[in-house]
Participant: 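Please find one structure pasted underneath; my questions will follow.
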Amino acid sequence: MKLFLSIILCVASLNLWAEDGHSLWLRGRKLGDVHVVCTKKSTTISIAKKELEQGWQGKSGVSIVLKLKKDKRIKGDGFILNSFGIQANTELGVLYGVYEMLRRQQTNKAIASTEIINPSYERRLLNHWDNPDGFIERGYSGKSIFWKSGKDSLVVTQKDITIWKEYGRANASIGINGAVLDNVNASPFILTSGYLNRVKAIADVLRPFGVKIYLSVKFSSPALIGGVKTSDPLHSEVIKWWEGKVKEIYNLVPDFGGFLIKANSEGQPGPQDFGRTHADGANMLADALKPYGGIVMWRAFVYNSSDNDRAKQAYNEFKPLDGQFRDNVIVQVKNGPIDFQPREPFSPLFGAMNKNSVMPELQITQEYLGHSVHLVYLAPMWEEFLKSDTYQNGSGSTVASCTDGTVFPKKYTAIAGVANIGLDANWCGHQFAQANWYAFGRLAWDNQLTSEQIAKEWIELTFKPVSDQYLNSTDWTENFLIPVKQMMMESHEAAVNYMMPLGLHHIFAAEHHYGPGPWWAPENMRKDWTPPYYHQADTIGVGFNRSTSGSDAVSQYNEPLRSQFNDVKNCPEMFLLWFHHVPWDYKLKNGNTLWDEICRHYDKGVQQVRGFQKTWDKVQSYVDVNRFVEVQDKLRNQSRNAQLWKDGCLLYFQQFSKRPIPYELERPIYNLQDIMKLDFSKTE
């Protein structure tokens with residue numbers, strides 16, 4: 001009987017501990033009382049005080065002063081932090097300082113006597129690819145938190161307000177201060193009165209948390225919904241229409257941030273439809289927004305089927321326009337020259353444009369990295385990108401310093417991340433995908449943070465037991481924090497290994513970008529939308545020749561990168577097949593042939609994921625049952641997917657290499673023809 005009662009009590013305790021991940025990294029528990037002193041009163045300050053009072057883990061009974069006082073050392077919404085309080089120029093600076101103080105307490109990181117903490121970028125935005133019907137393009141965590149379908153789709157409910165507040169709080173806690181509410185493949189109806197009234201409601205909820213609202217707009221809106229016969233950016237009626245629409249928006253949302261534009265890309269309309277340039281289109285909108293302080297973020301993601309190398313086109317179109325954009329236009333550039341691949345060299349535009357502002361666009365949602373099934377921590381990839389040297393102004397001109405105003409001061413600086421957020425209980429579809437939302441916010445605030453620092457923070461905030469009943473700090477650190485952090489830090493490289501090692505890219509199945517598909521090439525499909533266009537496999541070798549003897553994409557990079565990338569012997573091997581078509585028997589630096597090394601990378605990736613399964617199973621006693629089982633199931637799927645990637649790619653490329661898979665490696669367990677018949681959109 002006693003044993004039975006003990007089991008019941010144990011199960012009850014575990015159930016009390018069970019979590020679904022909805023609290024994200026904001027699980028801080030109150031361990032003491034604090035007296036918060038602030039003479040200023042506002043909704044934002046009230047949030048700051050409440051956060052301190054409900055999450056205080058410092059010495060009980062102390063007083064913390066929140067002070068609004070101008071200091072030239074503080075930039076934007078930065079703040080001065082010490083153990084006695086927070087000083088800022090703005091109310092949002094105070095709020096950000098409060099979250100930093102609480103984060104220090106929860107992660108046992110000391111506060112120096114006085115720390116001045118300023119953001120790297122002025123505008124730190126999430127780009128939501130949410131559609132007005134509630135569905136999300138490249139969304140893997142449920143429907144939109146902003147939009148919904150049905151007859152009451154524009155009615156604002158208490159449930160809406162609650163989720164928007166939670167969203168605002170999560171973003172404020174990591175310094176994100178902007179949100180583009182709709183898809184870059186924009187609907188013109190987002191600019192109609194019903195949707196704009198809903199935009200106003202969202203803005204009103206998010207404003208106290210410092211999240212400014214932006215909209216993606218369709219360039220042809222004047223003709224589609226405005227009754228204008230054209231959308232030519234230089235036509236007087238078009239200019240007048242946009243000026244009126246901008247005024248209407250600012251009457252509803254006085255602090256509206258501005259527009260994000262995808263134009264003349266993948267079928268989207270733009271100024272080139274009327275013989276105008278990207279600058280013509282961007283400047284027309286910028287002029288309409290300027291009186292209100294708004295900006296235009298004009299995406300440089302452009303390509304057409306006539307170019308001999310898709311990787312070159314953004315540079316070719318935008319480099320000649322440098323200096324022609326208004327000062328409230330920011331050219332938004334994807335991190336790599338193709339499209340959010342598992343690994344890419346940085347886009348050469350980051351080392352080319354110095355007169356106009358350029359902002360990085362990162363992808364938090366894992367379109368090409370296993371959706372919400374695979375555990376892939378993206379911060380190491382982003383750190384690699386931000387620390388890449390462009391040599392734009394000599395050695396040390398990193399992507400980070402070229403975009404945050406350090407190398408070339410600009411009126412506006414910004415960074416964007418394509419959001420992975422939806423209505424799933426855990427927000428992101430995968431418990432560990434939350435780490436990518438968190439990491440983006442932290443890097444947007446401080447682009448010098450390391451991915452390892454961020455991983456440690458996130459694990460402590462997200463998984464550290466909230467009750468001392470389950471916590472032995474040293475034991476938890478050694479047996480949970482350290483191995484789980486190691487798993488996260490290896491996860492991106494593992495994905496590259498089992499998907500596209502050594503510079504291979506864009507060899508996904510069909511249009512969903514989930515499973516392997518190096519063979520996918522329908523006769524009626526554009527060549528640059530098919531994997532063979534990118535891997536160029538033949539009996540001689542594999543890889544895309546972007547050297548001076550090929551497409552000459554290397555010439556878009558500054559020296560010494562141009563020469564380094566151009567020389568097959570000096571090109572970094574992680575980009576080897578990105579820049580060169582390499583013979584199968586080419587000897588790499590470790591002495592292996594290219595074919596053998598490709599095989600070893602694919603095999604290593606599979607073994608790494610199996611290792612993640614072992615790591616996670618070992619930490620079961622340190623994780624609540626709900627999240628443990630959910631992640632365990634995801635890792636099983638990831639392991640199966642990694643095997644399919646390995647077998648599919650090696651068996652396909654083996655048809656060209658005519659070489660055996662090294663005998664010490666595991667044999668394929670699937671047949672190529674069977675893999676080619678799979679519908680990978682259903683393997684999740």
Participant: Between I45, V36, I47, L52, which is the residue that forms a side chain to side chain contact (heavy atoms under 4.5 Å, CB included) with V98?
Facilitator: L52
Participant: For a quick test of reading the model, state the closest non-hydrogen atom pair linking I74 to A88 and the distance between them.
Facilitator: CD1-CA, 3.9 Å
Participant: Can you list the steps and then say if F480 with F463 is a ring pair (Phe, Tyr, Trp, His ring centres under 6.0 Å)?
Facilitator: CA-CA 9 Å; F480 185 88; F463 283 109; 5.5 Å; yes
Participant: Would you give the length of the straight line joining atom OG of S473 to atom CG of N108, rounded to the nearest 0.5 angstrom?
Facilitator: 6.5 Å
Participant: Can you tell me if N436 uses its side chain to pair, donor with acceptor, with the backbone of V376 under 3.5 Å?
Facilitator: yes
Participant: Is N328 close to Y412 at the side-chain level, that is, under 4.5 Å between some pair of heavy atoms?
Facilitator: yes
Participant: Between F440, Y121, Y96, which is the residue that forms a ring-ring contact (aromatic ring centres under 6.0 Å, His included) with W445?
Facilitator: Y96
Participant: Count the heavy atoms belonging to other residues, nucleotides or ligands that lie under 6.0 Å from OH of Y250, then report whether that count exceeds 12.
Facilitator: yes
Participant: How long is the straight-line distance from CE of M101 back to NZ of K109, given to the nearest 0.5 Å?
Facilitator: 13.5 Å
Participant: Go through the side-chain N and O atoms of Q332 and N127 and say whether any donor and acceptor fall under 3.5 Å apart.
Facilitator: yes
Participant: Does a side-chain N-to-carboxylate-O contact under 4.0 Å join E53 and K30?
Facilitator: no
Participant: Might you point out which heavy atoms bring P380 and M489 nearest each other, and give the distance in Å?
Facilitator: CG-CE, 4.1 Å
Participant: Quick check: does any side chain N or O of N177 sit under 3.5 Å from a backbone N or O of R124, one acting as donor and the other as acceptor?
Facilitator: yes
Participant: May I have the step-by-step check of side chain to side chain contact (heavy atoms under 4.5 Å, CB included) for V418 and L362, ending in yes or no?
Facilitator: CA-CA 6 Å; V418 180; L362 309 175; over 6 Å; no
Participant: Under a 4.0 Å N-O cut-off, is there an ion pair linking K634 with E630?
Facilitator: no
Participant: Checking V62 against H35 for the side chain to side chain contact (heavy atoms under 4.5 Å, CB included) test, could you report, in this order, the C-alpha distance in whole Å, the side-chain angles of both residues, the deciding distance, and whether it holds?
Facilitator: CA-CA 6 Å; V62 303; H35 178 54; over 6 Å; no
Participant: Any side-chain heavy atom of Q486 sitting closer than 4.5 Å to one from F612?
Facilitator: no
Participant: Would D404 and N447 count as having a side-chain donor-acceptor pair, cut-off 3.5 Å?
Facilitator: yes
Participant: Please determine which of R207, K40, K67 meets the salt bridge (Lys or Arg N to Asp or Glu O under 4.0 Å) test together with E91.
Facilitator: K40
Participant: Can you confirm whether L68 sits close enough to V94 that some side-chain heavy atom of one is under 4.5 Å from a side-chain heavy atom of the other?
Facilitator: yes
Participant: Under 3.5 Å, is there a donor-acceptor pair between the side chain of Q57 and the main chain of L31?
Facilitator: no
Participant: Can H374 and Y368 be said to form a ring pair (Phe, Tyr, Trp, His ring centres under 6.0 Å), step by step?
Facilitator: CA-CA 10 Å; H374 294 204; Y368 294 97; over 10 Å; no
Participant: With rounding to the nearest 0.5 angstrom, report the CD to CG distance, Q87 to L81.
Facilitator: 11.5 Å
Participant: Just how far is it from atom CG of D633 to atom CH2 of W616, taken to the nearest 0.5 Å?
Facilitator: 13.0 Å
Participant: Quick one: are E460 and W476 in side-chain contact, heavy atoms under 4.5 Å?
Facilitator: yes
Participant: How long is the span from the CZ atom in R138 to the OH atom in Y140, to the nearest 0.5 Å?
Facilitator: 5.0 Å
Participant: Return yes if a side-chain donor-acceptor contact under 3.5 Å exists between D182 and Y195, otherwise no.
Facilitator: no
Participant: Using a 4.5 Å cut-off on heavy atoms from C-beta on, say whether the side chain of L125 contacts that of Y214.
Facilitator: yes
Participant: Would you sort out whether E367 and W129 count as a side chain to side chain contact (heavy atoms under 4.5 Å, CB included), showing the intermediate values?
Facilitator: CA-CA 12 Å; E367 176 183 354; W129 286 0; 4.0 Å; yes
Participant: Between R627 and E19, does at least one N-O distance fall below 4.0 Å, as a salt bridge requires?
Facilitator: yes
Participant: Quick check: does any side chain N or O of S144 sit under 3.5 Å from a backbone N or O of I136, one acting as donor and the other as acceptor?
Facilitator: no
Participant: Does the T90 side chain pair with the main chain of D77, one donor and one acceptor, at a distance under 3.5 Å?
Facilitator: no
Participant: Between the main-chain N or O of A186 and the side-chain N or O of N183, is there a donor-acceptor pair closer than 3.5 Å?
Facilitator: no
Participant: Taking all non-hydrogen atoms of both residues, which atom of A203 and which atom of V253 are closest, and how far apart?
Facilitator: CB-CG1, 3.7 Å
Participant: Flag the pair Q434 / W458 as yes when at least one side-chain heavy-atom distance between them is below 4.5 Å, and no otherwise.
Facilitator: yes
Participant: Please check: side-chain N/O of Q366 versus main-chain N/O of H371, any donor-acceptor pairing under 3.5 Å?
Facilitator: yes
Participant: Should the pair R198-D160 be classified as a salt bridge under the 4.0 Å nitrogen-to-oxygen rule?
Facilitator: yes
Participant: Rounded to the nearest 0.5 Å, how far apart are OG1 of T365 and CG of L378?
Facilitator: 9.5 Å
Participant: Could you give me the CA-CA distance, side-chain angles and deciding distance for E457 and Y438, then say whether side-chain hydrogen bond (donor to acceptor under 3.5 Å, both in side chains) is met?
Facilitator: CA-CA 10 Å; E457 275 183 11; Y438 181 87; 2.5 Å; yes
Participant: Check for a donor-acceptor pair, side chain of R27 on one end and backbone N or O of L461 on the other, with a separation under 3.5 Å.
Facilitator: yes
Participant: Would you say the side chains of W437 and N171 form a donor-acceptor pair under 3.5 Å?
Facilitator: yes
Participant: Taking the six-membered ring for Trp, are the ring centroids of H128 and Y167 within less than 6.0 Å of each other?
Facilitator: yes
Participant: Return yes if some donor-acceptor pair links the side-chain N/O of E490 with the main-chain N/O of M487 below 3.5 Å, else return no.
Facilitator: no
Participant: Which is it for F146 and I421 under the side chain to side chain contact (heavy atoms under 4.5 Å, CB included) test, yes or no, and what are the steps along the way?
Facilitator: CA-CA 11 Å; F146 300 119; I421 296 159; over 6 Å; no
Participant: I'd like to know if R442 and D446 make a salt bridge, using a cut-off of under 4.0 Å between side-chain N and carboxylate O.
Facilitator: no
Participant: Do you know the tightest heavy-atom contact between L196 and E248?
Facilitator: CD1-OE2, 3.6 Å
Participant: Working note: S451 + E383, criterion side-chain hydrogen bond (donor to acceptor under 3.5 Å, both in side chains); need CA distance, chi angles, decisive distance, verdict.
Facilitator: CA-CA 6 Å; S451 52; E383 182 183 2; 2.6 Å; yes
Participant: Ignoring hydrogens and geometry beyond distance, is a side-chain donor-acceptor pair present between N426 and H22 at under 3.5 Å?
Facilitator: no
Participant: Indicate the atoms forming the closest heavy-atom contact of Q431 with G21, along with that distance.
Facilitator: OE1-CA, 3.5 Å
Participant: Minimum heavy-atom separation for V205 and P208, please, with both atom names.
Facilitator: O-CD, 3.3 Å
Participant: So, E51 and R169, do they make that salt bridge, N to O below 4.0 Å?
Facilitator: yes
Participant: Using a strict cut-off of less than 4.0 Å between a Lys/Arg side-chain nitrogen and an Asp/Glu carboxylate oxygen, indicate whether E115 and R104 qualify as a salt bridge.
Facilitator: yes
Participant: Could you check whether any side-chain heavy atom of V37 comes within less than 4.5 Å of a side-chain heavy atom of L66, counting everything from C-beta outward?
Facilitator: no
Participant: Is the shortest side-chain heavy-atom distance between K247 and I249 below 4.5 Å?
Facilitator: no
Participant: Counting N and O atoms only, with roles assigned by atom type, does the side chain of S141 sit under 3.5 Å from a partner on the main chain of N420, one being a donor and the other an acceptor?
Facilitator: yes
Participant: Would N335 and E361 count as having a side-chain donor-acceptor pair, cut-off 3.5 Å?
Facilitator: no
